[in-house]
Amino acid sequence: MVEKNNNRNYMKLEFLSKSSNESFARVVVAAFASQLDPTIEELSDIKTAVSEAVTNAIIHGYEYGEGLVVVEATIEDNRLDIVVEDFGKGIEDINKAMEPFYTSKPDLERSGMGFTVMETFMDKLEVESEVNKGTKVKMSKVFKSLSRKE
Amino acid sequence: MVEKNNNRNYMKLEFLSKSSNESFARVVVAAFASQLDPTIEELSDIKTAVSEAVTNAIIHGYEYGEGLVVVEATIEDNRLDIVVEDFGKGIEDINKAMEPFYTSKPDLERSGMGFTVMETFMDKLEVESEVNKGTKVKMSKVFKSLSRKE
Amino acid sequence: MQLTTEIRKDYMIVKLKGELDHHTSEEARKKIDKQYFNNNLLNIILDLRELNFMDSSGVGLIMGRYKNCMNRNGKISIVSTNPYINRILKMSGLLKLVKIYDTIEEAIRG
Amino acid sequence: MQLTTEIRKDYMIVKLKGELDHHTSEEARKKIDKQYFNNNLLNIILDLRELNFMDSSGVGLIMGRYKNCMNRNGKISIVSTNPYINRILKMSGLLKLVKIYDTIEEAIRG
Ligand SMILES: Nc1ncnc2c1ncn2[C@@H]1O[C@H](COP(=O)(O)OP(=O)(O)O)[C@@H](O)[C@H]1O
Ligand SMILES: Nc1ncnc2c1ncn2[C@@H]1O[C@H](COP(=O)(O)OP(=O)(O)O)[C@@H](O)[C@H]1O
């Protein structure tokens with residue numbers, strides 16, 4: 001009955017690119033992160049960042065078509081790494097896409113603030129993308145709270 | 001802005017075989033099933049069945065070693081199909097394993113009621129297993145509640 | 001997400017409850033615009049006090065309603081007390097265009 | 001899961017809160033057994049009224065404590081009012097061995 005007690009954990013979630021799954025993805029990542037004993041603010045931060053990345057996969061990556069969105073999360077000590085990936089349209093100019101207020105879909109009432117929100121609420125943000133192959137958004141955050149637990 | 005409105009949805013979750021992930025798996029399946037507008041009883045049923053299958057993967061499939069547990073869930077109209085899979089030890093005699101009160105681990109205070117619970121709480125249960133390859137538990141349940149929604 | 005509206009003088013008060021993301025903001029947009037245009041209204045007050053989640057899709061929703069109000073020479077105001085929601089509103093630059101109040105009464109007084 | 005114990009006469013009253021699954025029942029087992037054997041106790045009352053989840057691992061936990069009590073000629077009783085938990089207890093055949101009560105007082109009266 002030896003249980004691995006080191007603080008490493010991993011999960012990977014795949015789901016259909018339906019907008020009703022945006023809230024599902026948030027719940028899953030929040031439930032996974034709960035083992036880091038997050039503050040309400042930290043939980044709000046990662047839910048918001050995940051929501052932005054998943055929404056982008058659905059509306060920009062797949063442009064409302066059917067596809068799979070993949071969310072991976074890894075906990076290593078008090079760090080949470082999140083990867084959100086789609087196999088859709090891809091981004092031609094990543095630098096331009098990441099500028100605050102830039103959106104390719106103003107007609108859909110997008111604010112162009114998605115990447116800015118992810119950058120602000122997470123400690124690290126990295127975007128990889130290839131046109132017609134897909135987009136991978138990597139984010140991480142160090143949780144201050146874990147030390148309170150010991 | 002055309003949204004696929006048909007009631008089909010799919011998700012696949014992979015996670016490490018740590019016992020702390022048992023509650024995580026329950027939360028994920030319950031969150032996914034919430035779109036079927038389940039009653040408290042239906043939600044309790046699927047959480048319990050998933051908990052049994054995931055626990056078995058961790059303690060019998062991997063015998064507390066490290067491995068991946070996969071949980072797939074598909075919604076098709078008002079039916080939820082769940083598959084819980086591990087790539088562990090496998091089951092030699094499935095019929096014997098499914099008998100009420102049979103357990104290969106009485107020393108761990110197992111009750112031998114896991115499969116009985118799954119069978120009772122779900123509408124359908126199917127077990128596939130190969131020794132040293134792994135075990136796949138397929139369950140489904142029809143939700144009565146969806147009609148209330150229309 | 002739940003949405004309820006109430007009309008007080010030429011103010012349309014929209015109360016949002018729950019989570020405002022891309023999925024729910026599309027629903028909200030349709031409901032708000034239908035009422036606003038069908039009833040020929042002028043000003044909108046968005047009551048966000050019972051929202052427990054909002055991402056940048058909510059910002060887009062507010063921007064869109066801001067434009068509609070501007071086109072009619074109306075005015076839009078926000079009632080919000082949740083610090084996480086206020087943080088996003090601030091980050092988005094929206095507060096340069098729209099004022100936040102603590103209560104509906106204050107929003108009406110302006 | 002949270003576990004609190006209280007000793008009243010020769011009864012050890014164990015109150016479980018939250019979710020009782022394989023993960024948490026291992027913790028619960030250790031805590032209960034330590035108290036029970038260290039303090040040389042006789043009877044156990046398991047208060048499950050504030051559990052909101054239990055699977056067959058909980059049944060295993062109760063069976064194990066039942067055996068410990070039997071070995072000392074003690075007695076174990078359950079206080080439980082949640083229909084989903086009572087359903088599993090019933091299904092497992094445990095109710096042939098252990099009685100369920102609505103309150104701790106009734107469990108002590110026996
Ligand atoms: N997963 C993606 N696939 C394709 N394009 C994307 C993806 N994510 C973002 N983009 C592009 O980057 C732009 C900026 O994204 P973002 O800052 O989130 O703002 P918004 O979603 O409001 O447009 C988008 O308008 C889109 O052109
Ligand atoms: N995923 C699995 N991998 C290997 N063996 C399994 C698996 N699931 C169940 N078994 C076998 O079937 C038996 C009965 O399972 P179950 O009814 O859930 O009772 P319990 O878990 O209490 O032993 C187990 O004791 C084990 O031998």
Side-chain angles (χ1 to χ4, degrees), chain A residues 1-37 43 47 50 54-55 58-60 62-76 80 83 85 105-110 149, chain B residues 1-37 43 47 50 54-55 58-60 62-76 80 83 85 105-110 149:
Chain A
M1 206 138 25
V2 179
E3 178 82 14
K4 297 159 296 296
N5 257 324
N6 63 326
N7 200 35
R8 191 187 176 264
N9 206 347
Y10 168 80
M11 75 98 192
K12 178 175 169 178
L13 175 74
E14 273 177 45
F15 53 88
L16 292 184
S17 56
K18 296 172 78 129
S19 68
S20 58
N21 286 335
E22 291 157 8
S23 59
F24 173 61
R26 290 196 298 272
V27 170
V28 172
V29 175
F32 188 71
S34 70
Q35 58 195 293
L36 285 167
D37 194 18
L43 215 49
K47 281 172 89 164
V50 165
V54 167
T55 301
I58 294 170
I59 62 180
H60 302 302
Y62 295 115
E63 298 190 294
Y64 291 93
E66 187 156 314
L68 279 178
V69 181
V70 180
V71 177
E72 277 178 284
T74 310
I75 286 172
E76 195 93 52
L80 175 67
V83 180
E85 190 171 10
K105 296 228 188 306
D107 47 311
L108 295 186
E109 302 203 334
R110 303 303 303 161
K149 243 182 175 171
Chain B
M1 207 137 25
V2 178
E3 177 82 15
K4 297 160 295 297
N5 258 324
N6 62 328
N7 200 34
R8 187 184 181 267
N9 205 348
Y10 168 80
M11 75 99 193
K12 178 175 170 179
L13 176 74
E14 271 176 48
F15 53 88
L16 291 184
S17 56
K18 294 172 80 129
S19 69
S20 58
N21 286 335
E22 291 157 8
S23 58
F24 172 61
R26 291 195 298 271
V27 170
V28 172
V29 175
F32 188 71
S34 70
Q35 58 196 294
L36 284 168
D37 195 17
L43 216 47
K47 281 172 87 163
V50 165
V54 167
T55 300
I58 293 170
I59 63 181
H60 301 302
Y62 295 115
E63 298 191 294
Y64 290 93
E66 186 155 315
L68 279 178
V69 182
V70 180
V71 177
E72 277 178 284
T74 310
I75 287 173
E76 195 94 51
L80 175 67
V83 180
E85 190 172 10
K105 297 226 187 307
D107 46 313
L108 296 185
E109 302 203 333
R110 303 304 301 162
K149 243 183 178 171

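Please read all numbers here as calculations on a predicted model, not as lab measurements. In the text below, chain A, chain B and the rest are named by the order of the sequence lines, each starting its count at 1.
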J.: Quick one: list whatever passes ring pair (Phe, Tyr, Trp, His ring centres under 6.0 Å) with B/Tyr10, sequence neighbours left out.
T.: none
J.: In terms of heavy-atom pairs under 4.5 Å, which option from A/Val71, A/Asn21, A/Val27, A/Val69 contacts chain B the most?
T.: A/Asn21
J.: Counting only non-hydrogen atoms closer than 4.5 Å, does A/Ile59 touch chain B with its backbone (N, CA, C, O), its side chain (CB onward), both, or neither?
T.: neither
J.: Checking A/Phe32 against chain B: side chain, backbone, both or neither under 4.5 Å from a heavy atom?
T.: both
J.: Is a side-chain N or O of A/Lys12 found less than 3.5 angstrom from the main chain of B/Lys12, in a donor-acceptor match?
T.: no
J.: Return the minimal non-hydrogen interatomic distance between A/Arg8 and B/Lys18, and the atom names on each side.
T.: O-NZ, 2.6 Å
J.: Please classify the contact between B/Val28 and chain A as side chain, backbone, both or neither, with a heavy-atom cut-off of under 4.5 Å.
T.: both
J.: For the atom pair CD (B/Glu14) and CD (A/Glu14), what is the distance rounded to the nearest 0.5 Å?
T.: 7.0 Å
J.: B/Phe15: what forms a ring pair (Phe, Tyr, Trp, His ring centres under 6.0 Å) with it, not counting sequence neighbours?
T.: none
